[in-house]
Amino acid sequence: MLIYRPARRLLLLLSFAATVGRVSAQPLPEGPIGAFDGRVVVRGEVIAAGSSADDIAYFNYTDYEHNALRMVRLGVSGVYRPASWLAFVGEVRSEDLQHPTAYAAYARVRPWRNRPLDIQAGRIPPVFGAFGRRIYGNGNPVIGYPLAYQYLTSLRPDAIPATADDLLRMRARGWRSNFPVGSTAPGPGMPLVSAFQWDTGVQVSWKSGALDLAGAVTNGTLSNPRMSDNNDGKQLSARVAVTPTVGLILGASAARGSWLSRTVTPGAEPAQRALGADLEYSRDHWIVRGEAVWSRFAFPTVLAPSTSRAVDAMATWIDGRYRVTPRIFLGARADRLSFSELQGSTATLPWDAPVTRLEWGAGYFIQRNFILRVTAQSNRRDAGRVRNRTYIAGQLAYWF
């Protein structure tokens, strides 16, 4: 599992930040690198985080099997515009110095110069929700991720329970669950929405004035984005956002796609359905954001002894940031993930363990695009090997 000696890494991180802060006479580059009269633009990102407490990410495990609070992420992205109506966009990332992977790779076409319509095809940005498009730079007020976008439920795309008891036995086991149908090997589960992978498909977006519309057809689902298709279904997703007044953005999202691999249910395509709502309000030194995600996972058969053929999950959170000075800010997030009840042979329980998370801390702008954050994250859930854990974490984030 996970991999670092926490105290040493956190101390090294903070020591490095202090050293960089003293070297103010030679600031790091602040903008992207351009070439060929602006037709090629290259950007980069370096994020390093360390935390206290145990080495096993009971609460912060990701679908890439990394710890969101103890991660080194390197990223390089680029845009090539051979014509005014065409652009090619790509991004390569490496987490914890492992083999780089293609996070984004798509073509963007604007068919009409005077109409705000864009078409994107390839490994494309998410349509659903708001958080997935603002995790860069200073878009995240704390170090951790919202539970809906990071916390692993016990559900897996390559294995399913045969009965309700099979699912209830895996409560709080998203970091390593196993089921009797499909792959029987233990493996990580899925979040409601993945913040660490993008899906592959085609997206159309239109923005004019206060209205922003987007829709996409992709191979995977919100919980399991994919490069290639693993079943005979596609996901349809859409989002509408309005800006009724300066500083206020209101959004609503929906998605439906087949979430199980064809190796588990040949000929059947049970769906993941999701609805989302989000808001953002900024004024003076404040910015406040909130989001809610509801998701339903259907199964090919009834989960006896219950009469249910689907289970639901609901995630809600609110976060905010306050700029105390031009360089210092405070940030916090309150987060809740809950699950529908399922009747087993001996008890009726939520099908996974409900989780509550509170994270708060402060940040310092070493320069405009170089941030030091320090936070405390408190986690609680109703079942599992570890039910309560608090982490002290530090992070350096630099981008250009």
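No hydrogens, no waters, no symmetry mates; every other heavy atom, side chains included, goes into these values.
- Using bins of under 30°, 30° to 60° and over 60° for the plane-to-plane angle, the ring pair Y398/F370 lands in the perpendicular bin.
- Minimum interatomic distance between L303 and A164 (heavy atoms only, all atoms of both residues): O-CB, 3.5 Å.
- Taking each heavy atom of D278 and S253 in turn, the nearest pair found is OD2-OG, 4.4 Å.
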Subject >> Check against ring-ring contact (aromatic ring centres under 6.0 Å, His included), F329 and F365 >> reply: CA-CA 8 Å; F329 65 89; F365 283 87; 5.5 Å; yes
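- The pair D158-R156 meets the salt-bridge criterion, with a side-chain N (NZ, NE, NH1 or NH2) lying under 4.0 Å from an Asp/Glu carboxylate O.
- With respect to R108 and D118, no salt bridge is recorded, no charged nitrogen being found less than 4.0 Å from a carboxylate O.
- Clustering ILVMFWY residues whenever any of their side-chain heavy atoms sit less than 4.5 angstrom apart, transitively, puts V193 in the very cluster that holds V311.
- Within the cation-pi definition used here (under 6.0 Å to the ring centroid, within 45° of the axis), R381 qualifies as a partner of F59.
- Contact check for F131 versus Q150: no side-chain heavy atoms found under the 4.5 Å cut-off.
- Ring orientation note: the planes of Y149 and W317 are nearly perpendicular, at an angle over 60° on the 30°/60° scale.
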Original post:
Are Q120 and S205 close enough, and set up right, to give a side-chain hydrogen bond (donor to acceptor under 3.5 Å, both in side chains), and what steps lead you there?
Top reply: CA-CA 8 Å; Q120 301 179 136; S205 60; 5.4 Å; no
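- Between L192 and T153 there is a side-chain heavy-atom pair separated by less than 4.5 Å.
- Under a 3.5 Å cut-off, the side chain of R123 and the backbone N or O of W198 do form a donor-acceptor pair.
- In this structure, L155 is a member of the same hydrophobic cluster as L349, with clusters built from ILVMFWY side-chain heavy atoms closer than 4.5 Å.
- No side-chain heavy atom of T390 sits under 4.5 Å from any side-chain heavy atom of Q377.
- When all heavy atoms of Q197 and D63 are compared, the pair lying nearest together is NE2-OD2, 3.2 Å.
- By the 4.5 Å heavy-atom criterion applied to side chains, F179 and L167 are counted as neighbours.
- Annotation: cation-pi pair R173/W175 present, NZ/CZ under 6.0 Å from the ring centroid and within 45° of its normal.
- A salt bridge links R93 with E91: at least one charged nitrogen is closer than 4.0 Å to a carboxylate oxygen.
- Annotation: the span from L337 atom CG to T356 atom OG1 amounts to 9.0 Å, rounded to 0.5 Å.
- Close placement of the F196 and Y145 rings is indicated, their centers lying within 6.0 Å of each other.
- Residues L213 and K207 have side chains not in contact (no heavy-atom distance under 4.5 Å, counting atoms from C-beta outward).
- In the hydrophobic clustering of this structure, V204 does not group with V217; members are Ile, Leu, Val, Met, Phe, Trp, Tyr whose side-chain heavy atoms approach within less than 4.5 Å, directly or through other members.
- Side-chain polar atoms of E269 and N231 form no donor-acceptor pair below 3.5 angstrom.
- When all heavy atoms of N369 and P29 are compared, the pair lying nearest together is ND2-O, 3.0 Å.
- Between R273 and F297 there is no side-chain heavy-atom pair separated by less than 4.5 Å.
- Around the CZ atom of R380, the shell of radius 6.0 Å holds no more than 12 heavy atoms that belong to other residues, nucleotides or ligands.
- Residues R226 and D229 are not paired through a salt bridge, judged by the lack of any N-O separation under 4.0 Å between the basic side chain and the carboxylate.
- When only modelled atom types and interatomic distance are considered, E359 and T375 share a side-chain donor-acceptor pair under 3.5 Å.
- No side-chain donor-acceptor contact under 3.5 Å links R73 to the backbone of D96.
- Not counting sequence neighbours, the partners of F299 by the ring pair (Phe, Tyr, Trp, His ring centres under 6.0 Å) test are W259.
- The aromatic rings of F339 and W351 sit perpendicular, their planes meeting at an angle over 60°, well past the 30° parallel limit.
- The neighbour count for R262 CZ, taken as heavy atoms of other residues, nucleotides or ligands under 6.0 Å away, is above 12.
- Side-chain N/O atoms of Q343 and S308 include no donor and acceptor closer than 3.5 Å.
- The two residues G215 and V127 come nearest to each other via the heavy atoms C-CG2, 4.2 Å.
- Here the closest heavy-atom approach between residue R321 and residue P141 is recorded as CB-CB, 4.1 Å.
- Using a cutoff of 4.0 Å between basic side-chain nitrogens and carboxylate oxygens, E291 and R333 are not scored as salt-bridged.
- Between the side chains of N379 and R387, no donor-acceptor pair of N or O atoms lies under 3.5 Å.
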